[in-house]
Amino acid sequence: MKTADFQGLGPLNAVVRAPRDDWQWHLANAIRDVRDLGRALGLALEEVPTDFPLLVPRPYLARIEHGRRDDPLLRQVLPLAAENEAVPGYVADPLAEQPQATGALRKYRGRVLAVTTGACAINCRYCFRRHFPYSDRRLSRADWDALLDDIAADPATQELILSGGDPLVLPDRTLARILERAAGIPHLRSLRIHTRLPVVIPQRVTPRLVELLKAFPRPVTLVLHVNHPREVDSGVAEALAPLRGRVNLLNQGVLLAGVNDEVETLEALSWRLHEIGVMPYYLHLLDRVAGAAHFDTGEAKGRALIEALRGRLPGYLVPRLATEQPGEPSKTVLA
Ligand SMILES: *Cc1c(COP(=O)(O)O)cnc(C)c1O
Ligand code: SF4
């Protein structure tokens, strides 16, 4: 990543320079204090009491516009007083999946979803997991062995999905162990990883990770999470370049009021993703989690935006508008 990506950081710049290629340094040294965030951005930001802490890795911080309070990237990470207003219909666990999420896996038909870790590299204010208590929990080696034994014993399992939290918080050696074992299960046809890490800390795409994904003997799909075209800077583009053509790169975004709820923004997002070899896949309606009501656009606006995108973009760049309903065996596609 170029030093240029860290310009505009003001007082934090000096701290950032040395270890900028080390993703684990970035994980450990993310911004956790609203005052530090304000200082870095030249904004007087007020502290808001919250049980979902502020967490902003520095490579992401570097993309937030200095001095701009309504920056769409800042809005995704800054705790606002509105989070503490109770709004009817917005609940702690909108997908009613907390009991399974604290365990190892959830099964869709033919697919095993492994909640590898509760940890993330960034705390997105609209996340449906914001009230979950398992934030630092990880599957143990014994959990993984048991999970992979189950998959090996069940020929109906076609896809292994690593999810979280963010599975790429796990170190390469842990991923290597899991992938090596998964590669030896002949009926497993597909490996999928849902992650925001390459977007928020592009340094996470280490040469070792690239090698691991390329060496997997069956198709690998990386589902990224980008909501705004400015989240994709040159560092993200460069990080993903070695995977292009080797790994399926898809994007799953969330429709967020004040972030990407304008047709021009979504259009620019699709083109920017296209430019770096990522196919738009889903655009999620907000899960109605307590504390995130101020991000909700409503379903009608989502449908209208997708309709407008169809008039402006090649069909393959229009994401599917989707929502998740508790207890349903798959997402519901609305448009
Ligand atoms: C939607 C989703 C899936 C599975 O859904 P597909 O329709 O097969 O893409 C798996 N994991 C996560 C985290 C999802 O959001
Ligand atoms: S990266 Fe994904 S799982 Fe993690 S906080 Fe953001 S939305 Fe939630």
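Both ligands and their constituent atoms are indexed starting at 1 by order of listing. The figures that follow rest on heavy atoms only: side chains count, while hydrogens, waters and symmetry mates do not.
- In this structure, the ring of H274 has its center less than 6.0 angstrom from the ring center of W271.
- Using a cut-off of 4.0 Å between Lys/Arg side-chain N and Asp/Glu carboxylate O, R63 and E231 are scored as not salt-bridged.
- No donor-acceptor contact under 3.5 angstrom links the side chains of D296 and H294, judged on distance only.
- Between E65 and R75 there is no salt bridge, since none of the side-chain N atoms of the basic residue sits less than 4.0 Å from a carboxylate O of the acidic one.
- Salt bridge D143/R141: absent, no basic N to carboxylate O contact under 4.0 Å.
- Between R303 and E307 no salt bridge is recorded (no basic side-chain N to carboxylate O distance below 4.0 Å).
- Short contacts between ligand 1 and L113, defined as distances under 4.0 Å to a heavy atom of the residue, involve ligand atoms 10 (C), 11 (N).
- Neither the backbone nor the side chain of V223 has any atom closer than 4.0 Å to an atom of ligand 1 (non-hydrogen atoms only).
- Side-chain atoms of Y126 and N227 form a donor-acceptor pair, as typed in the model, at a separation below 3.5 Å.
- A donor-acceptor contact closer than 3.5 angstrom is absent between the side chains of D261 and T297.
- For the ligand labelled ligand 1, residue S330 lies outside the 4.0 Å heavy-atom shell.
- Every atom of ligand 1 is numbered from 1 in the order shown, and the set under 4.0 Å from a heavy atom of S163 is 13 (C).
- Against a heavy-atom cut-off of under 4.0 Å, K331 is close to the following atoms of ligand 1: 1 (C), 2 (C), 3 (C), 5 (O), 14 (C), 15 (O).
- The distance criterion of under 3.5 Å between nitrogen or oxygen atoms is met by Y281 with respect to ligand 1.
- Applying the side chain to side chain contact (heavy atoms under 4.5 Å, CB included) test between D172 and each of E211, R204, R177 identifies R204 as the sole match.
- Checked by distance only, ligand 1 and Y282 come closer than 3.5 Å through their nitrogen or oxygen atoms.
- Heavy atoms of R111 approach ligand 1 to within less than 4.0 angstrom.
- Only protein atoms were considered; those of element N, O or S under 2.8 Å from atom 6 (Fe) of ligand 2 number 1.
- The existence of a salt bridge linking E159 and R218 is excluded, since no basic side-chain nitrogen approaches an acidic carboxylate oxygen closer than 4.0 Å.
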